[in-house]
Amino acid sequence: MDENNRYYQSRHFLRLLHRYEKAVAEGHVPYLEADELTDIAEYYMTDKQDEKANQAIQAAIDMHPDATDPQIFLARQKMFYGQLDEAQAIVDAIIEQENNEVIYVRAELLIRQKQALEASEYLLEEMELMQDSLETYLYDCTAIFMDYDQWELAEIWAGRLRDICPAHPSLPLMEAEISMGLDDYETAETMLQELLDSDPYSTEAWNLLAESYVALERYADAREAADYALAINPQERNALLMKANACMHDNQLPQAIRYYAQCLEMQPDDLSVQMSLAICYNNTEQYEKAVSLLTTAEQRIEKQPEDRQADLPHLLLIRAFALGKLKKYDEALSTIDRAQSLADGQEPWLYHIARGEIYLWLGKMSMAEKHFIHAMEKGLDRCEMLFNIALIHSRAGYYENAINMLNDVWAFYGTRDGRFVVPYLTDCYLKHGDMENFLKHLRMAPSCNRELTIQLFGDRYPGTAPEDYYAYAYRELHGHFPDPGTPDTEAPS
């Protein structure tokens, strides 16, 4: 939701902020209302300027010790740092218990305690007292559940808002975002297209549309939607991020690196962007850059409260991969050990997979297989696990093993459902030097997965449609194009 960002860019707030910062620079804090100082503190907090936020909120408490807004800010700050008991104590001590913000923060505390359904029931009970501002109350409740990714409950509250106020201006965008949260991206796309027909200058709608297209693997459409948002506002960071994501998923890694780097210039401590950029560095063999970036990110995240370190194991796995590629195998393995120790028993197969890959690079096949077997035992989907292990063997140069595993995956899924492995098999046969099977599978590959076929072989046959790769590969091998009378090898159906 962008309401706060729009307020922070408003003339009223910018004048208020200028007055406050001018006074602070002169050595004193100007007298402002409690809500004004709280707004300034929230602005600093949003911009991750914690010291300035604390200074502003302390000024609000000193000037207005009984005011509700500063206490709500403190409670949310405690929640943000995982100090739920302290947040609860602050809320309980607030005088105006009937204040909407007090009700909201109580619901948020329940959600953070993994009691989202209880939070919804509590808000429903309090709704009886909100008849004079029911529209605003329903909007705020919907937004709370959206903020915490409680999409099913958000959908219920959005339905209540629609019943009361079907013409609410924020409802179409909220409902589209909820559909995305529920993984119904086709519905979200339709809703967003309708919204943009009536409001073509909505950067938020263009951003959500770009995000939907990324999820639907329509990467060119995603970049186009992001470009529309950037045309409206060249500083629209979310649009730049969606463009970077689309490029990364579409294997346009140099462009993705450029866009992610621009995102980090705007917000240097965005961990998700740092990890995405590091993955791009790994995939373009810029391993030193990946290690440097993630080492800095790790140092930053370790200074955060424990409940905000959930991404640290994933970050360490990405760094371990780069270290392994730099042949720093011992450091890579110790990094994986540390990642698993921080994961608290979550997804143990991930760490066995990572160790297995390192041992493959070391040429220690028996150790690698031991960890792959553990991964198969602990993974949720054995066939999906086998597919991932096959790709790891292919990347490590064990093509015969990879071919055998990919054929097992194909057999498990069946002729039609398993044909997604054909482009991967084609690549393995080529690298293994089995040109007969390479040609056979290359002929089938475009109808099995056209985009992946382009990704794997487009550089080998530039400017050529993937359906024609076979003919050019045949000419490379035999010195002439295949006889047009030769019957095609049919793709699996």
Next on the checklist: side-chain contact (heavy atoms from CB on, under 4.5 Å), that's the test. Do Arg237 and Asp270 meet it? Break it down for me.
Outcome noted: CA-CA 12 Å; Arg237 184 178 180 275; Asp270 189 321; 2.9 Å; yes
So, for [X] and [Y], which heavy atoms are closest and what is the spacing to 0.1 Å?
{"X": "Gly356", "Y": "Phe372", "value": "C-CZ, 3.5 Å"}
{"X": "Leu74", "Y": "Ile61", "value": "CD1-CD1, 3.3 Å"}
{"X": "Leu312", "Y": "Glu298", "value": "CD1-CG, 3.9 Å"}

| Parallel, tilted or perpendicular: ring planes of Phe387 versus Tyr424, cut at 30 and 60 degrees | perpendicular
Between Tyr139 and His168, what is the ring plane arrangement, given parallel below 30°, perpendicular above 60°, and tilted in between?
-> parallel
Classify the side-chain pair [X]/[Y] by whether it contains a donor and acceptor separated by less than 3.5 Å.
{"X": "Asn245", "Y": "Glu211", "value": "no"}
{"X": "Asn99", "Y": "Glu101", "value": "no"}
{"X": "Tyr413", "Y": "Arg419", "value": "no"}

Problem - More than 12 heavy atoms from other groups under 6.0 Å of CD on Glu51 - result: no
query = Does a side-chain heavy-atom distance below 4.5 Å link Val105 with Met79?
reply = yes
Between Ile40 and Phe13, does the side-chain contact (heavy atoms from CB on, under 4.5 Å) criterion hold? Intermediate values first, please. CA-CA 8 Å; Ile40 291 171; Phe13 178 76; 4.2 Å; yes
Sequence neighbours excluded, the answer for side chain to side chain donor-acceptor pair (under 3.5 Å) partners of Trp206 is none
Which side-chain N or O atoms in residues 14-22 pair as donor and acceptor under 3.5 Å with protein atoms at least two apart or in another chain?
| residue | atom | partner | partner atom | Å |
| --- | --- | --- | --- | --- |
| Arg19 | NH2 | Tyr31 | O | 3.3 |
| Glu21 | OE2 | Tyr44 | OH | 2.6 |
| Lys22 | NZ | Glu26 | OE2 | 2.9 |

Between Gln286 and the options Thr284, Asn283, Asn282, the side chain to side chain donor-acceptor pair (under 3.5 Å) test singles out Thr284
Quick one: side chains of residues 189-196, donor-acceptor pairs under 3.5 Å with protein atoms, not counting sequence neighbours, listed by atom name and distance.
| residue | atom | partner | partner atom | Å |
| --- | --- | --- | --- | --- |
| Glu189 | OE1 | Arg218 | NH1 | 3.0 |
| Glu189 | OE2 | Tyr213 | OH | 3.4 |
| Glu189 | OE2 | Arg218 | NH1 | 3.2 |
| Glu189 | OE2 | Arg218 | NH2 | 3.3 |
| Thr190 | OG1 | Glu186 | O | 3.3 |
| Gln193 | NE2 | Tyr213 | OH | 2.9 |

